Amino acid sequence: MAGAMRTWRMLAGLLALAGPWGSAARAQDSSWKHPRFPPVVDTPFKKVPRPIIGALRQPLHELPQNDNFELVGYHPLPNPGDTIARGRNGPTGISGDCLYVGSRIGRRPGTGPLFGTPPLPPEVLIVDISNPRRPRPVGALPTILNATSRELRTIPDAHALIVMNFRETGEDSGAVNNYQVYDITDCRRPVLRQTISLGIDRPHEFFLWRDPREPARFLLYSSIHLGDVREPSLRVFELMAPPDGPISPEPVATFTLTPAVPRVQPVQPFEWRDDHFVFDTEKPAVQRNNVHSMSVSQDGTRVYVANIHGGYYVLDSSRLANREPCIRDTVTVDETSNTDPNLCLRKLNPDPDARVDFTPPYAWTEHSVYPVPGRPYLVISGERNGTETCPWSWGHILDISNERRPQVVSRYMLPENLEPNCVPGGPGDPSLQREFSPHQQLVFPNLFFVSWYSAGLRVWDIANPVLPMEVGVYVPKPASRVVERFRDSPDVWMWPHPILYNGLIYITDENSGLYVLRYKGPRAHELPRRGLFVSNTNYLAPPPLPPRTSQEPVAPEPADDTP
């Protein structure tokens, strides 16, 4: 009977989503505290789990917002020699006791013409996390002036760090568009060993696949995304025994949907939803179809692709993974191009238009795609940049039981992602200087964590993939003092991949610094307690030594007077 009652309450809540959620209903909710911007549509579930639609982000002055997390440690991540949060934090990676934090800009925050000083090179900060309750910066790796270190990966047992750079200002060249491979035998003192140059082509995201049968062999899958993109926009390089082993100077495999699907296609205004252009009213006249990102199956035989406006599809990479002779370059001319079984990368459904595609009518890019370990599903999400672009993107779950024809089985979102909330004074008002796009996921069989820009870190239960349930939220209180803020915004900007390391989640806010968290909600017992887990590799690090125990207090949240 109790189970039946719970089911009835959940169904009643879902039905309530379809109707107006007016002031009388809100007045009955004791957790609703002085709303600054009452939503037109909100989830009736104020405590977890919340089906399909997660929790409304609390107003800035009421943060932090915490549901099923414990704050273990915090650091503002200042520039070297400073005490104030530097801001513009980028990607993260972990090896041993060192956590690396890249930069989203091509100079040290707070330097350059806007600050009346010469620009200094950007830096990958090196943070000692031997005591996760008291993380502390212990060094910095200067990277390339005018280039952003936008992504990075570690190979802990090989003592290797790979940093992806691309040009932010100046001219495109291999000096700023490249992958740098470092020896991190001493994790506090990286030493540059090799560089993969991409010339005038700017990379954007990459997946590092390790051959489970030949652990010294790695395939680096790179997208080419920004600027005047030249196809192929999916390129694969082979690395042997990094950091010092040989690297293929040219791609060992490439893939493009062009010319069957043009890289740039015209779009008529009527093809877009009108209610996706409320504050930013200019509808794009074209869509772009180059690769944005990708992930690879554990065995390397499948590549899951997110084409920026061209949707999601699956490639067969069996011959490449298995070291079998194969045709390096796949050029999609028509429906017969991907039928050749000798291709290194072959679209499983050879029809160029067979893709799960949301744009148009939805006005976002197809951003992320990750397989659910051991299950026939993909977690995908779009991205829509900007503080004037309400409604922002949301995510979907795809069933890939038939890999040639993936099917949408559900979607997951926040109240801020709903079109009715895009009104002056509502959650999407541009004056709030926020953005509510999901960005990067960390996926386990029944749970996934996702950085969700101004919505902080979110956790979803997908044991039933048809009904995703939000089961955790952590939105920090932003630091009051930051050297250089993203978009000059005082709000929250959680951007990089969440990392699970020895049972703790490590994630940075672009403005406010590093947060070390412990998830304590439903299915927390299913998370591994030892080892390193990230979504853009297929391998696990060997479990390290247990961290030192400490009786020191938990680091505080940033307060009004906290740097």
Side-chain angles (χ1 to χ4, degrees), residues 198 201-207 221-236 251 253-273 276 283-296 302-317 320 326-370 378 380-384 393 396 398 400 402-408:
L198 293 175
D201 297 320
R202 277 181 258 172
H204 193 67
E205 295 202 7
F206 75 101
F207 189 99
Y221 286 76
S222 175
S223 66
I224 305 296
H225 173 57
L226 296 174
D228 186 17
V229 176
R230 299 191 307 167
E231 294 289 344
S233 54
L234 174 54
R235 305 177 192 180
V236 187
T254 71
F255 180 88
T256 177
L257 279 176
T258 62
V261 179
R263 188 182 67 81
V264 178
Q265 286 181 287
V267 180
Q268 298 300 318
F270 68 83
E271 296 185 65
W272 302 102
R273 287 182 61 123
H276 277 224
K283 295 182 177 181
V286 298
Q287 70 173 64
R288 295 179 292 147
N289 296 316
N290 52 278
V291 171
H292 180 279
S293 63
M294 77 302 296
S295 60
V296 183
R302 294 292 185 269
V303 181
Y304 309 102
V305 180
N307 251 55
I308 182 168
H309 292 134
Y312 301 89
Y313 51 89
V314 183
L315 303 180
D316 184 337
S317 51
L320 182 62
C326 55
I327 301 169
R328 189 187 81 157
D329 302 312
T330 303
V331 177
T332 307
V333 177
D334 56 29
E335 65 277 2
T336 68
S337 302
N338 280 267
T339 58
D340 188 340
N342 295 308
L343 290 167
C344 295
L345 298 172
R346 178 175 62 87
K347 188 169 178 288
L348 278 173
N349 190 325
D351 179 356
D353 292 323
R355 309 184 303 276
V356 178
D357 189 0
F358 303 104
T359 53
Y362 298 107
W364 60 62
T365 64
E366 316 304 347
H367 182 276
S368 299
V369 53
Y370 296 105
L378 298 177
I380 67 171
S381 63
E383 180 183 35
R384 194 178 188 198
S393 55
H396 294 83
L398 302 185
I400 54 169
N402 182 343
E403 295 176 309
R404 290 167 57 94
R405 300 187 183 279
Q407 299 293 315
V408 175

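In this text, all values refer to a predicted model and were calculated from it rather than measured experimentally. The chain is numbered in sequence order, starting from 1.
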Query raised in the report: Which is it for His225 and Ile308 under the side-chain contact (heavy atoms from CB on, under 4.5 Å) test, yes or no, and what are the steps along the way?
Result: CA-CA 8 Å; His225 173 57; Ile308 182 168; 2.9 Å; yes
Distance, nearest 0.5 Å, that separates [atom1] of [X] from [atom2] of [Y]:
X      : Y      : atom1 : atom2 : answer
Ser293 : Tyr312 : OG    : OH    : 7.5 Å
Ile224 : Arg230 : CD1   : CZ    : 9.0 Å
His204 : His292 : NE2   : NE2   : 3.5 Å
His367 : Glu205 : NE2   : CD    : 4.5 Å

For [X], which residues count as a side chain to side chain contact (heavy atoms under 4.5 Å, CB included) partner, sequence neighbours excluded?
X      : answer
Pro284 : Trp272, Phe277
Arg273 : Asp275, His276, Pro361, Tyr362, Glu419
Gln407 : Arg405

Which atoms form the tightest heavy-atom contact between [X] and [Y], and what is the distance?
X      : Y      : value
Ser223 : Met294 : N-CE, 3.6 Å
Ser368 : Ala306 : N-CB, 4.4 Å
Pro360 : Glu271 : CB-O, 3.3 Å

Query raised in the report: In chain order, what residues pass the salt bridge (charged side-chain N to carboxylate O under 4.0 Å, His left out) check against Glu335, with sequence neighbours excluded?
Result: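 Salt bridge (charged side-chain N to carboxylate O under 4.0 Å, His left out) list for Glu335, sorted by chain: empty.
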List the atom pairs, donor and acceptor, that lie under 3.5 Å between side-chain atoms in residues 342-352 and the rest of the protein, sequence neighbours left out.
residue: Asn342; atom: ND2; partner: Asp340; partner atom: OD1; Å: 3.4
residue: Arg346; atom: NH2; partner: Asp316; partner atom: OD2; Å: 3.0
residue: Lys347; atom: NZ; partner: Asn349; partner atom: O; Å: 2.7
residue: Lys347; atom: NZ; partner: Asp351; partner atom: O; Å: 2.7
residue: Lys347; atom: NZ; partner: Ala354; partner atom: O; Å: 3.0
residue: Asn349; atom: OD1; partner: Asp351; partner atom: N; Å: 3.1
residue: Asn349; atom: ND2; partner: Arg404; partner atom: O; Å: 3.1
residue: Asp351; atom: OD1; partner: Asp353; partner atom: N; Å: 3.0

Strictly distance-based, threshold 3.5 Å: is any side-chain N or O of [X] a donor or acceptor partner for the main-chain N or O of [Y]?
X      : Y      : answer
Thr359 : Thr365 : no
Ser317 : Arg302 : yes
Ser233 : Asn290 : no
Arg235 : Pro251 : no

Tabulate below the donor-acceptor pairs under 3.5 Å that side-chain atoms of residues 257-265 make, not counting sequence neighbours, or state none.
residue: Thr258; atom: OG1; partner: Thr256; partner atom: OG1; Å: 2.6
residue: Arg263; atom: NE; partner: Val229; partner atom: O; Å: 3.1
residue: Gln265; atom: OE1; partner: Asn289; partner atom: ND2; Å: 2.7

Report task. For residues Leu315 and Leu234, determine if any side-chain heavy atom of one lies less than 4.5 Å from a side-chain heavy atom of the other. Result ->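 Touching, per the 4.5 Å side-chain cut-off.
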Query raised in the report: Under a 4.5 Å cut-off applied to non-hydrogen side-chain atoms, are Val236 and Phe255 in contact?
Result: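 Side chain of Val236 against side chain of Phe255, heavy atoms only: no contact under 4.5 Å found.
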Can you list everything that forms a ring pair (Phe, Tyr, Trp, His ring centres under 6.0 Å) with [X]? Sequence neighbours excluded, please.
X      : answer
His309 : none
Phe206 : Tyr179
Phe358 : His396

Please enumerate all residues that pass side chain to side chain donor-acceptor pair (under 3.5 Å) together with [X], with sequence neighbours excluded.
X      : result
Ser295 : none
Thr339 : none
Tyr313 : Asn307

Report task. Evaluate side-chain contact (heavy atoms from CB on, under 4.5 Å) for Thr254 paired with Glu231, printing each intermediate quantity in order. Result -> CA-CA 9 Å; Thr254 71; Glu231 294 289 344; over 6 Å; no
Report task. Would you check, one step at a time, whether the test side-chain contact (heavy atoms from CB on, under 4.5 Å) holds for Val408 with Leu398? Result -> CA-CA 5 Å; Val408 175; Leu398 302 185; 3.5 Å; yes
